[in-house]
Amino acid sequence: MFAGPLPEFEPERAPAEPVQLFLSWLSDAVADGLRDPHAMTLSTVDEAGDPDARVLILKGVDGSGWQFAGHCFSPKGHQLAVHPRAALTFYWPEHGRQVRLRGTVAPGSAEDNASDFLARSATARAESLLSRQSQYLADPAERDHALAKSLALIEQAPSLVDSAWTLYTLAPAEVEFWQAAKNRVHTRLRYERTADEGWERFRLWS
């Protein structure tokens, strides 16, 4: 299953909080040239309680949580408005490493949302302004025409911001680190949030 050598992971030497360990693993993935190291799966539930998932890019991580962005009128935006809880999954197969998070999700401030929106490419901003994500597309030519008009609007007003664009932050209640081993005795370490906003660490059976 795992062709190359795998990193060592000693849970007893793990830091007291999960952000530092996550950033260390992410830095390892970047340094070793792993493909799309910032990609992650965002899992939500819809109004009926049915699960949904999609791959996004991590926008940032700090003491407040893990950030990702999206349109508030998209399916994930509607789902998070109804059920503001989600899960994130990172997987770096070459390292045999996985990180799983679950927690509450909150939208960012208008300033943070605008800053993230303006950092996107012109085409991405133009597409967002159409507010048509995941709707049925009968004719690609209609989309191309609408996108061209939206791009022209962006060129005329480069500071234009889509007020529906949202930078979300997931504040985890638990974060699990999974390190694969060739002998299949994998190492798992879970951080769980305490009542005083600290963290407790627990080893898990593989």
Side-chain angles (χ1 to χ4, degrees), residues 19 22-23 26-27 29-31 33-48 50-92 99 101-172:
V19 170
F22 174 83
L23 291 175
L26 178 60
S27 295
V30 172
L34 271 57
R35 187 172 181 178
D36 300 322
H38 298 84
M40 62 187 185
T41 299
L42 167 69
S43 301
T44 55
V45 295
D46 64 14
E47 292 84 349
D50 293 323
D52 203 354
R54 74 289 288 162
V55 177
L56 301 177
I57 295 297
L58 176 69
K59 290 302 189 82
V61 56
D62 55 28
S64 65
W66 278 247
Q67 287 88 40
F68 59 92
H71 204 283
C72 73
F73 297 138
S74 68
K76 61 180 171 289
H78 285 300
Q79 291 164 8
L80 288 170
V82 176
H83 300 293
R85 300 184 63 82
L88 297 177
T89 306
F90 294 83
Y91 181 48
W92 301 291
V99 179
L101 308 92
R102 294 196 301 175
T104 57
V105 178
S109 66
E111 181 181 2
D112 289 340
N113 296 341
S115 178
D116 185 81
F117 181 79
L118 293 174
R120 294 168 61 80
S121 69
T123 300
R125 283 179 281 149
E127 192 168 35
S128 177
L129 288 168
L130 296 177
S131 299
R132 302 288 295 275
Q133 188 182 55
S134 298
Q135 297 183 19
Y136 292 117
L137 175 64
D139 183 2
E142 178 187 2
R143 176 203 57 201
D144 295 343
H145 177 69
L147 185 57
K149 290 179 62 177
S150 189
L151 273 169
L153 182 60
I154 291 285
E155 291 176 358
Q156 295 172 9
S159 61
L160 180 65
V161 171
D162 183 353
S163 61
W165 188 256
T166 307
L167 183 67
Y168 295 97
T169 297
L170 184 147

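A quick note: this is a predicted structure, and the numbers were derived from the prediction, not measured.
Considering all non-hydrogen atoms of both residues, L58 and Q67 come closest at CD1-O, 3.5 Å. Listed here is the closest heavy atom pair of F117 and L160: CE2-O, 3.3 Å. The shortest heavy-atom contact between P107 and Y168 is CA-CD2, 4.1 Å. Listed here is the closest heavy atom pair of A69 and K76: O-CE, 4.0 Å. For G65 against T169, the heavy-atom pair with the smallest separation is CA-CG2, 3.8 Å. The two atoms that bring G108 and T166 nearest to each other are N-CG2, 4.2 Å, heavy atoms only.
Here the straight-line distance linking atom CG of L26 with atom NE2 of H38 works out to 4.5 Å at 0.5 Å rounding. Between the CG atom of D52 and the NE2 atom of H83 there is a distance of 12.0 Å, given to the nearest 0.5 Å. Summarising the geometry, atom CE belonging to M40 is positioned 10.5 Å from atom CZ belonging to R54; distances are rounded to the nearest 0.5 Å. The OG atom of S121 lies 8.5 Å from the CG atom of L151; values are rounded to the nearest 0.5 Å.
One N or O on the side chain of S27 and one on the backbone of L23 form a donor-acceptor pair closer than 3.5 Å. No donor-acceptor pair closer than 3.5 Å links the side chain of H71 to the backbone N or O of W165. Listed for the S134 side chain is no donor-acceptor partner under 3.5 Å among the backbone atoms of R132. At distances below 3.5 Å, at least one donor-acceptor pair connects side-chain atoms of N113 with backbone N or O atoms of L167.
Ring pair W92/F22 is tilted by interplanar angle, where 30° to 60° counts as tilted.
With a 4.5 Å cut-off on side-chain heavy atoms, D36 and V55 do not count as touching. Residues L88 and L42 form a side-chain contact, since some pair of their non-hydrogen atoms from C-beta on lies under 4.5 Å apart. V105 places none of its side-chain heavy atoms less than 4.5 Å from the side chain of T44. Looking only at side-chain heavy atoms (C-beta outward), D62 and V19 stay at 4.5 Å or farther from each other.
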For this session: Could you walk me through whether R125 and S150 pass side chain to side chain donor-acceptor pair (under 3.5 Å), step by step?
Result: CA-CA 9 Å; R125 283 179 281 149; S150 189; over 6 Å; no
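Residue E127 places its CD atom among 12 or fewer non-hydrogen atoms of other residues, nucleotides or ligands, all under 6.0 Å distant. The number of heavy-atom neighbours closer than 6.0 Å to NE2 of H145, taken from other residues, nucleotides and ligands shown, is 12 or below. Atom CD of E111 is surrounded by 12 or fewer heavy atoms from other residues, nucleotides or ligands within 6.0 Å.
Side-chain contact annotation: S43 with R102, donor-acceptor N/O pair under 3.5 Å absent.
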